[in-house]
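Residue numbering restarts at 1 for every chain, and letters A, B, ... go by the order of the sequence lines.
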Amino acid sequence: GQNIDQPTEMTATEGAIVQINCTYQTSGFNGLFWYQQHAGEAPTFLSYNVLDGLEEKGRFSSFLSRSKGYSYLLLKELQMKDSASYLCAVRDRFSGGYNKLIFGAGTRLAVHP
Amino acid sequence: GAVVSQHPSWVICKSGTSVKIECRSLDFQATTMFWYRQFPKQSLMLMATSNEGSKATYEQGVEKDKFLINHASLTLSTLTVTSAHPEDSSFYICSARVGRGGQETQYFGPGTRLLVL
């Protein structure tokens, strides 16, 4: 089956660095995505990893280890506006032919002054 | 990035009525769109995959006769919640598939909040 785990909640201080972990189990791994979702809004795309290693995009970086079924999203120089839910999603090639995304429950990050 | 719109952004209706939600890709063609539902403080649950020119593919447990999907053009998919009940109240979000193969990703619409009284 498919399973994606990430912490439910995290808190951090403005200006700090926070790492949000995600572990997954899937039969046909074909990429991992991170999305940001503010309360009451739709998710916005942050990053995509399909090969092992670190992908850096400004203040956000995402890491993937396929052998460990593990990814993390790293947020640097935290700002208050970064308070949101962060969704880890895995694409599974054995999911009916349309490369569906399987979402984790999301991690709610609260950034404090 | 690609822009996806949804209309309406929110709707309140009486129990037993039907509600139609539109999802449009504004600056690109989308042969495949996805419909999700999200309850408060929960993650997105895929309801169905909408394919232009063919029938939608529904996830297990989702009633196809209750949630009618029509993908009539390359830029428009609609979800109709028929005979809505209070338990159908939720945040409905569509997404459009962009790119091919390893570069494929999904861009989401702004969502439609449905409240059934």
Side-chain angles (χ1 to χ4, degrees), chain A residues 1-9 20 22 24 26 28-52 55 57 62 64 66 84-110, chain B residues 1-7 9-10 21 23 30-52 54-60 62 71 77 90-115:
Chain A
Q2 299 149 338
N3 192 41
I4 299 175
D5 289 313
Q6 50 182 132
T8 304
E9 294 182 343
I20 303 174
C22 173
Y24 65 88
T26 184
F29 178 81
N30 193 25
L32 186 142
F33 298 77
W34 284 96
Y35 286 85
Q36 179 191 61
Q37 186 179 25
H38 285 98
E41 299 180 11
T44 55
F45 171 76
L46 288 179
S47 70
Y48 165 67
N49 296 71
V50 66
L51 299 177
D52 291 349
E55 294 284 340
K57 190 182 295 185
S62 57
L64 174 67
R66 289 172 295 172
S85 286
Y86 291 86
L87 309 178
C88 173
V90 172
R91 188 167 63 198
D92 187 341
R93 68 167 65 92
F94 298 142
S95 58
Y98 291 102
N99 285 311
K100 294 186 302 188
L101 289 182
I102 312 300
F103 282 86
T107 298
R108 288 191 296 278
L109 174 65
Chain B
V3 178
V4 178
S5 71
Q6 273 183 250
H7 177 80
S9 57
W10 59 270
I21 304 170
C23 178
T31 55
T32 302
M33 292 183 175
F34 301 89
W35 286 97
Y36 295 84
R37 182 167 52 182
Q38 186 178 35
F39 293 104
K41 296 189 177 182
Q42 295 185 24
S43 192
L44 283 75
M45 296 301 297
L46 180 65
M47 298 176 65
T49 302
S50 173
N51 313 301
E52 188 271 334
S54 63
K55 293 182 179 179
T57 304
Y58 289 83
E59 294 301 298
Q60 191 172 9
V62 177
H71 197 149
S77 174
S90 188
F91 190 43
Y92 291 86
I93 310 173
C94 73
S95 72
R97 189 177 70 175
V98 176
R100 289 184 178 275
Q103 299 305 313
E104 179 183 310
T105 188
Q106 291 184 29
Y107 286 88
F108 287 84
T112 297
R113 196 164 300 279
L114 171 64
L115 177 61

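- Interface remark: A:F103 contributes backbone and side-chain atoms alike to the contact with chain B (heavy atom separation under 4.5 Å).
- B:Q38 touches chain A through its side chain: at least one heavy atom from C-beta onward sits under 4.5 Å away, while N, CA, C and O do not.
- Between A:Y48 and A:F33, the ring planes lie tilted relative to each other; the angle falls in the 30° to 60° range.
- Going from atom SG of A:C88 over to atom CG of A:L46 covers 11.5 Å, rounded to the nearest 0.5 Å.
- Taking the ring centre of B:F91 as origin, the terminal cationic atom of B:R113 falls inside the region bounded by 6.0 Å and 45° from the ring axis.
- For a residue to count as touching a neighbouring chain, one of its non-hydrogen atoms must lie under 4.5 Å from one of that chain's; by this rule B:L44 touches chain A with backbone and side chain alike.
- A 6.0 Å sphere centred on NE2 of A:H38 holds more than 12 heavy atoms belonging to other residues, nucleotides or ligands.
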